[in-house]
Amino acid sequence: MTNPTENWSKLSPRQAIELQTQMASQVIQQDDLPEVRTVAGVDVGFENRDTARAAIVVLRLEDLEPLDYAIARLPVAMPYIPGLLSFRECPVILEALDKLRMQPDLLLCDGQGIAHPRRLGVASHTGILTGLPTIGVGKSRLTGQHGPVPDKKGAWVPLTDKDEVIGAVLRTRVGVKPLYISPGHRVSLPTAIHYVMACVTRYRLPETTRWADGVASARGQRWLERLRDLTGPA
DNA sequence: GCGACAG
DNA sequence: ATCTTGTCGC
């Protein structure tokens, strides 16, 4: 009854776009976050055409060990339209966040933050809705342009739109496609890059995303067993 | 009008 | 996102 997303399914694409433009003005692109002790990753998977499943896993930043997790399922209310992803995924993401026993200091989302046509990708939108500091971690580009990224771990080049820097294209591992990092909410670009790299070990994706991906995906049972083991049930 | 287009 | 096994390469 107080869920800000409950009427989204009635929005036309044009109304959704208008709402994005409006909400984008609330995004804070500067650092405004507490001392980060825990980082969470969130991902949304689809069990079928009309059921979304969100998985969130909270890790201790220090050693990247899982501390808590939550899973939520919800009927899909909107189709996938490039640029309007958050209207499809935010409802179930909020549901999963509610179930967590421990709120994270920072949240890494699949997809873009401000690297979006109206500067309100799913990470920024989630940040505005929850107040949490967020970072967008995209596996591919939505908008913006960039030059070649040096093939060295940690190397990055700016992602720009006109004269504005909207993110970074970051090489998290040699020999693989780079990631598209952008501030979601209450985090600057340098800080976003910093924390993403702090969560990267030997894989392309940060551990936060790897855990969330594993659990949200169809073959998530395997990951769940490990989680229950490390964090306890629920 | 013609492409591009997160998950 | 999802449908899906093996396979090429560092």
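In what follows, chains carry the letters A, B, and so on, assigned in the order in which the sequence lines appear, proteins first and then strands, with residues in each chain numbered from 1. Worth saying up front: this structure is predicted, and the values here are computed from it rather than measured.
For the pair A:Ile181 and A:Leu189, the tightest heavy-atom approach, listed with the atom from each and the gap, is O-CD1, 3.9 Å. Nearest heavy atom pair, residue A:Ser86 against residue A:Leu120, reads OG-O, 4.5 Å. Nearest approach of A:Thr231 to A:Asp68, heavy atoms of both residues: CG2-N, 3.6 Å. Scanning both residues, A:Arg141 and A:Gly144, for their nearest heavy atoms gives NH1-O, 2.8 Å. For the pair A:Arg210 and A:Leu205, the tightest heavy-atom approach, listed with the atom from each and the gap, is CD-O, 3.4 Å. A:Val149 approaches A:Arg171 most closely through the heavy-atom pair O-NH2, 2.6 Å.
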Can you give the dot-bracket line for DNA chain B, using ( ) for pairs inside the strand, [ ] for pairs that cross earlier ones, | for pairs with another strand and . for unpaired bases, where Watson-Crick and G-U count if both distances are under 3.5 Å?
.......

Could you provide the dot-bracket string of DNA chain C, using ( ) for intrastrand pairs, [ ] for crossing pairs and | for bases paired to another strand, with Watson-Crick or G-U pairs below 3.5 Å?
..........

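Between the P atom of B:dA6 and the CZ atom of A:Arg88 lies a distance of 13 Å, rounded to the nearest Å. Rounded to whole Å, the distance from CZ on A:Arg53 to C1' on C:dA1 is 12 Å. Rounded to whole angstrom, the span from the OH atom of A:Tyr80 across to the P atom of C:dT2 amounts to 13 Å. Summarising the geometry, the separation between CD on A:Gln20 and P on B:dC5 is reported as 18 Å, rounded to the nearest angstrom. Following rounding to the nearest Å, A:Leu84 (CG) and C:dA1 (P) show an atom-to-atom distance of 18 Å. A straight line from CG of A:Leu108 to C1' of B:dA6 spans 16 Å, rounded to a whole angstrom. Look at CZ on A:Arg119: it is 16 Å from P on B:dA6, rounded to the nearest Å. When rounded to the nearest whole Å, the span between NZ of A:Lys177 and C1' of B:dA6 equals 12 Å.
Around the CG atom of A:Asp163, the shell of radius 6.0 Å holds no more than 12 heavy atoms that belong to other residues, nucleotides or ligands. More than 12 heavy atoms of other shown residues, nucleotides or ligands fall within 6.0 angstrom of atom CD in A:Glu65.
Remark: A:Val122, A:Gly138, A:Lys139, A:Ser140, A:Arg141, A:Leu142 in residues 122-145 of chain A come within less than 4.0 Å of DNA chain B through at least one heavy atom.
In summary, of the residues considered (A:Thr134, A:Leu129, A:Ile114, A:Ile135), a side-chain contact (heavy atoms from CB on, under 4.5 Å) with A:Ser124 occurs for A:Ile114 alone. For the pairing with A:Pro133, the side-chain contact (heavy atoms from CB on, under 4.5 Å) check across A:Val187, A:Val36, A:Asp105 returns one residue only, A:Val187.
Under a hydrophobic clustering in which Ile, Leu, Val, Met, Phe, Trp and Tyr are joined whenever their side-chain heavy atoms come within less than 4.5 Å, directly or via other members, A:Ile56 and A:Tyr69 fall into different clusters.
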